[in-house]
Amino acid sequence: MKTKLQIPPLTIYNTRTRKKEEFKPVNPPYVGIYVCGPTVYSDPHLGHARAAVVFDVLRRYLTSMGYKVRFVSNITDVGHLEGDADEGEDKIQKRARLEQLEPMEIAQHYTRVYNMAMAKLNVIPPNIQPHATCHIPEQIELVKRILERGFAYVVNGSVYFDVPKYAEKYQYGVLSGRKLEELENVTRELRGVEEKRHPADFALWKKAPPTHIMKWKSPWSVGFPGWHLECTVMNAKYLGIPFDIHGGGMDLIFPHHECEIMQAVAAWDTEPVRYWMHNNLITIDGQKMSKSLGNFITIEQVFTGDHERLSKAYSPMAVRLLILQTHYRSVIDFSDSGLASAEKAYKRLIYTLKKLDTLEFQGGNVNIELEERIVKHINDFYKFMSDDLSTARAIAQLFELSSIVNQLADKGKTVREVSYEVGNLLKTQYATTLKEILGILPEEEHVDSFRLNAVLQILITIRQEARQQKNFQLADRIRDQLKEVGIVLRDTPYGTEWDIE
RNA sequence: GGCAGCGUGGCCGAGGGGCUAGGCGGGGGCCUGCAAAGCCCUUGACGGCGGUUCGAAUCCGCCCGCUGCCUCCA
């Protein structure tokens, strides 16, 4: 029985070419990945969870293949205006004004919430998590460079990217397939952007209105950087141009990623990215989940069950499995029953993981056909993972193995139908693929246990009720006793936070 | 309107000319003090109408239905 694994080369569906391509790094064995991170002005939702989990698995898989991965994912703590370019207000600034807080307080808070949610989902933190506001000088430099090269113009202290000029020399819309002429018709509805020469032009630097809190000095005005600049600057700085993989949600293809390409090409005459990967979106009852529609479910709500569409609290690992049981380029329609189904399935995979540990593979009466099946399922796991990260099919192999292991386990601890060699391969591969590559852990190995949080939420609620009834003796007792065991409660404008000291 | 995509068994969800996807659920049984888990057996599908083909869920055409992007969002 051959126990040497065959791991085929990874192929990736490249949005840029609209084909599956074999992945070849720019500088092997190093691989640079950049994934667009969150704008930190509200609680992270299931869409964030999906993008994070998908690219976490990509990173884990590449690492398992022996690549040295540098994973960069940004925190957008400025920018992304709402509404018309001229009338719009920075999201974080708006939130800050509403809650009477420093913008950085908002950004800091939601960055923490995001990172905690990611930890619960067992997403490995980025090697670098750069903040947009920490790269203002670099962004100004890039604007200067694009200006010098003639692909931008200044109007009233704001700088705009000159798309028609760009389109004279380079091809427009290489990623989204959009055509410049078609864009004119659509965007004519957006009036009040007189500063722009062409509707497709976009801001590189905006002069700040007097009421604006978040602003920086630049050669053109006191203002703030444009919507798409930070990613170009930060992936160039930390990964170099060109780098290997740029990821994000499909909704970012246009205009965000298209603009990133134009900025980089305008600045350095080089397309910045080899492979563009885009995960599909999440729907709720068949409808897109979005902030503006207000129908989103936050990650935390899933973990606590605190949402009208949820019947109970679900394990982060159930969420992770649910996400991975769908191919990343397909839509996931989110539902309570889907989560329940994923949670059961998760428990089944973990049951097998634990059973497998107790089995002793001794051989002696080897069933060759069974051994062949085992080895085939393991190899197929890698075959499907390498086929554009087909996690759904890969996981199906794990369920096949689960069924085999459970059947063996039913007959007792000592297994004679499978040799020591194949049994050992089964043990190590089942654990490796499930835990290391898919990132699906047993609850108790999951350090950031969501149940601890659930329990604390109960205590926090009880304490809150006590405070409202002016029963401060009880409220303080809860806080003091938690502190004794190393858990700190903090009352903030958004409610009570907890932290481990 | 332009562009992209989808419609698979009770639900979710892979696949994509002949070869078991998988999970959850349902039915029957084993095990068990009860329950749960696990095991065995079982149920069952490719939106509609045409066409290509020896053969179509898979290719082509038309029709019906749904969704996304085109504007901030993962």
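What you are looking at is a predicted structure, and each value in this text was computed from that prediction instead of being measured. Here is how names work: the chains are called A, B, and so on, in the same order as the sequence lines, proteins then strands, and each is numbered from 1.
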Check: Do Glu195(A) and Asn156(A) come close enough that some side-chain heavy atom pair is under 4.5 Å?
Finding: yes
Notebook entry, point to check: Is any side-chain heavy atom of Ile282(A) less than 4.5 Å from a side-chain heavy atom of Val331(A)?
Noted result: no
Item checked: rG16(B) to rG55(B) separation - C1' atoms, rounded to the nearest Å -> 15 Å
Check: Between Lys344(A) and rG25(B), does any side-chain N or O lie under 4.0 Å from OP1 or OP2?
Finding: yes
Checklist line | C1' spacing across the pair rU53(B) / rG18(B), given as an integer number of angstrom | finding: 12 Å
Note to self: The side chain of Ala345(A) is closest to which nucleotide in this list: rG23(B), rG68(B), rC73(B)?
What the structure shows: rG23(B)
Item checked: Euclidean distance for C1', rA57(B) against rG47(B) (whole angstrom) -> 12 Å
Checklist line | Short side-chain N/O contact from Ser330(A) to OP1 or OP2 of rA14(B), under 4.0 Å | finding: yes
Note to self: Any non-hydrogen side-chain atom of Phe161(A) less than 4.5 Å from a side-chain atom of His228(A)?
What the structure shows: no
Check: So, is Arg393(A) near the phosphate of rG15(B), with a side-chain N or O under 4.0 Å from OP1 or OP2?
Finding: yes
Next item on the list: Name the closest nucleotide to the Asp333(A) side chain, picking from rA74(B), rG13(B), rG23(B).
Entry: rG13(B)
Note to self: Does either side chain, that of Lys165(A) or that of Tyr170(A), offer a donor lying less than 3.5 Å from an acceptor on the other one?
What the structure shows: no
Margin query: With heavy-atom distances below 4.5 Å as the criterion, would you say the side chains of Met214(A) and Phe224(A) are in contact?
Written below: no
Checklist line | Interatomic distance, Asp251(A) CG vs rC3(B) C1' [rounded to whole Å] | finding: 16 Å
Check: Do Glu105(A) and His109(A) have side-chain atoms, one donor and one acceptor, less than 3.5 Å apart?
Finding: no
Margin query: Of the listed nucleotides (rG38(B), rA21(B), rG23(B)), which one gets closest to any side-chain atom of Tyr351(A)?
Written below: rG38(B)
Note to self: Can you measure Ile332(A) atom CD1 to rG5(B) atom P for me and round it to whole angstrom units?
What the structure shows: 20 Å
Checklist line | Of the listed nucleotides rC70(B), rA14(B), rG23(B), the one nearest the side chain of Arg178(A) | finding: rC70(B)
Margin query: Could you tell me how far rC11(B) sits from rG5(B) if I compare only their P atoms? Round to whole Å.
Written below: 26 Å
Check: Does a side-chain heavy-atom distance below 4.5 Å link Arg348(A) with Ser403(A)?
Finding: yes
Checklist line | 5' priority, RNA chain B, between Glu400(A) and Ser390(A) [closest heavy atom] | finding: Ser390(A)
Next item on the list: In whole angstrom, give the distance that lies between atom CG of Asp380(A) and atom P of rG15(B).
Entry: 14 Å
Checklist line | Nucleotide rA74(B), atom P - distance to CG of Asp56(A) in whole Å | finding: 18 Å
Note to self: Whole angstroms only, please: what is the CG-C1' distance between Leu401(A) and rG23(B)?
What the structure shows: 15 Å
Check: Under 4.0 Å between a side-chain N or O of Gln407(A) and OP1 or OP2 of rC40(B)?
Finding: yes
Check: Once you round it to whole Å, what is the distance between C1' of rC12(B) and CD of Glu343(A)?
Finding: 15 Å
Notebook entry, point to check: Roughly how far apart, to the nearest Å, are rG26(B) and rA36(B) at atom P?
Noted result: 11 Å
Next item on the list: Look at all strands and tell whether Gly47(A) reaches a base, only sugar-phosphate, or nothing, counting heavy atoms closer than 4.0 Å.
Entry: base
Next item on the list: Would you mind reporting whether Arg320(A) and Val123(A) have side-chain heavy atoms less than 4.5 Å apart?
Entry: yes
Margin query: Suppose you measure atom P in rG22(B) against the same atom in rC39(B); what distance do you get, rounded to whole Å?
Written below: 14 Å
Next item on the list: Rounded off to whole Å, could you give me the CG-to-P distance for the Leu175(A) and rC70(B) pair?
Entry: 13 Å
Margin query: Does rC39(B) have its OP1 or OP2 closer than 4.0 Å to a side-chain nitrogen or oxygen of Arg348(A)?
Written below: yes
Item checked: Consecutive Watson-Crick or G-U pairs in runs of at least 3, all under 3.5 Å, in which RNA chain B is involved -> B:1-7 with B:64-70, B:10-12 with B:22-24, B:26-30 with B:38-42, B:47-51 with B:59-63
Margin query: Heavy atoms from C-beta onward define the side chain here; which of rC72(B), rG23(B), rA14(B) lies closest to that of Pro255(A)?
Written below: rC72(B)
Next item on the list: Could you measure between the two P atoms, the one in rA37(B) and the one in rG27(B), and give it in whole Å?
Entry: 13 Å
Margin query: In the structure I gave you, are the side-chain heavy atoms of Tyr275(A) and Arg16(A) within less than 4.5 Å of one another anywhere?
Written below: no
Checklist line | Value in whole Å for how far the P atom of rC73(B) lies from CG of Asn280(A) | finding: 17 Å
Next item on the list: Between rU8(B) and rA45(B), how far apart are the P atoms? Round to whole Å, please.
Entry: 14 Å
Checklist line | Proximal nucleotide (of rC72(B), rC70(B), rC24(B)) relative to the Trp227(A) side chain | finding: rC72(B)
Notebook entry, point to check: Under 4.0 Å between a side-chain N or O of Asn406(A) and OP1 or OP2 of rG38(B)?
Noted result: no
Check: Nearest of rA74(B), rC11(B), rC72(B) to any side-chain atom of Ser337(A)?
Finding: rC11(B)
